[in-house]
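All residue numbers in this chain count up from 1 along the given sequence. Computed from a predicted structure; not experimentally measured.
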Amino acid sequence: MLNGEQVRGVCARLDGKMVGIAHYLFHASIWGAGRCYLAELFVDPRVRRRGIATAMIEWVAKDGVEHGAPRLYWNTEIDADARALYDKLAVYRGYIVYNYSRSAAAATP
């Protein structure tokens, strides 16, 4: 999917129509068992709040366990509407994500 990377994907269907999609990958971890990074999760706004996102996250988690990557995690914006769901399914540990950019680093005094 991405230049030979082991990115995986799953879709959700409702009444024969695709209504959700998730992309994720497995990777090694320095501190224990492998990890599963949920890179993208989208559910059609017209069918949200029906358990589709929950089912997809649980499916990805199960796939991670089956492939030696039982530690599922993902990033989201601090004020994302989806946090209501995420806070029910997972634990927010207060981490902040930094995205390095050489040009930004060069501009720092």
Side-chain angles (χ1 to χ4, degrees):
M1 188 170 194
L2 292 174
N3 215 12
E5 294 291 327
Q6 295 298 314
V7 177
R8 301 170 74 93
V10 63
C11 75
R13 295 186 178 276
L14 182 65
D15 299 326
K17 295 181 182 175
M18 188 169 73
V19 295
I21 190 165
H23 292 110
Y24 58 101
L25 57 92
F26 306 136
H27 65 87
S29 173
I30 301 299
W31 306 107
R35 294 188 179 209
C36 179
Y37 173 60
L38 178 60
E40 186 171 48
L41 176 66
F42 175 79
V43 174
D44 185 322
R46 296 170 291 186
V47 297
R48 289 181 181 165
R49 302 190 194 287
R50 296 189 192 181
I52 295 167
T54 299
M56 292 177 70
I57 290 170
E58 290 174 350
W59 195 97
V60 169
K62 182 178 179 238
D63 197 34
V65 168
E66 291 173 357
H67 288 89
R71 298 176 64 193
L72 174 61
Y73 73 102
W74 60 90
N75 302 319
T76 193
E77 294 179 2
I78 196 86
D79 61 351
D81 291 339
R83 284 202 60 197
L85 169 64
Y86 300 159
D87 288 343
K88 291 177 186 172
L89 297 176
V91 176
Y92 171 62
R93 299 199 185 273
Y95 288 99
I96 298 171
V97 176
Y98 289 92
N99 295 298
Y100 177 81
S101 167
R102 186 176 281 295
S103 60
T108 304

**Message:** Under the rule for side chain to side chain donor-acceptor pair (under 3.5 Å), what residues qualify as partners of Thr76, not counting sequence neighbours?
**Reply:** none
**Prompt:** Who pairs with Tyr37 by ring-ring contact (aromatic ring centres under 6.0 Å, His included), at least two apart in sequence or on another chain?
**Reply:** Tyr73
**Complete:** Residues passing the salt bridge (charged side-chain N to carboxylate O under 4.0 Å, His left out) test with Arg48, sequence neighbours excluded, are none
**Asked** Of all residues at least two apart in sequence or in a different chain, which pass the side-chain contact (heavy atoms from CB on, under 4.5 Å) check with Asp81?
**Response** none
**Asked** Side-chain heavy atoms under 4.5 angstrom apart, residues restricted to Ile, Leu, Val, Met, Phe, Trp, Tyr: same cluster for Leu38 and Val65?
**Response** no
**Item:** For Arg46, salt bridge (charged side-chain N to carboxylate O under 4.0 Å, His left out) partners two or more places apart
**Value:** Asp44
**Prompt:** What residues, two or more places apart in sequence or in another chain, satisfy side-chain contact (heavy atoms from CB on, under 4.5 Å) together with Val97?
**Reply:** Asn75, Asn99
Distance-only criterion, 3.5 Å: show the donor-acceptor pairs between side-chain atoms of residues 53-64 and protein atoms not counting sequence neighbours.
residue	atom	partner	partner atom	Å
Lys62	NZ	Glu66	OE2	3.3
Asp63	OD1	His67	ND1	3.1
Asp63	OD2	Arg8	NE	2.9
Asp63	OD2	Arg8	NH2	3.2
Asp63	OD2	Tyr24	OH	2.5

**Request:** Quick one: name the residues clustered hydrophobically with Phe42, using the 4.5 Å side-chain heavy-atom rule over I, L, V, M, F, W, Y, and just say none if it's on its own.
**Result:** Ile21
**Item:** Members besides Ile96 in its Ile/Leu/Val/Met/Phe/Trp/Tyr cluster (side-chain heavy atoms under 4.5 Å)
**Value:** Tyr98
**Item:** Set of side-chain contact (heavy atoms from CB on, under 4.5 Å) partners for Leu14, sequence neighbours left out
**Value:** Val19, Val47, Arg50, Ile52
Using residues 82-90 as the side-chain source, report each donor-acceptor pair under 3.5 Å to any protein atom, sequence neighbours left out, with the distance given to one decimal.
residue	atom	partner	partner atom	Å
Arg83	NH1	Ile78	O	2.9

**Item:** Results of side chain to side chain donor-acceptor pair (under 3.5 Å) for Glu77 - residues two or more places apart only
**Value:** none
**Prompt:** What are the two closest heavy atoms between Arg35 and Ser29, and how far apart are they?
**Reply:** NE-OG, 3.3 Å
**Shortest non-hydrogen contact between Ala69 and Cys36, atoms and distance** = O-CB, 3.6 Å
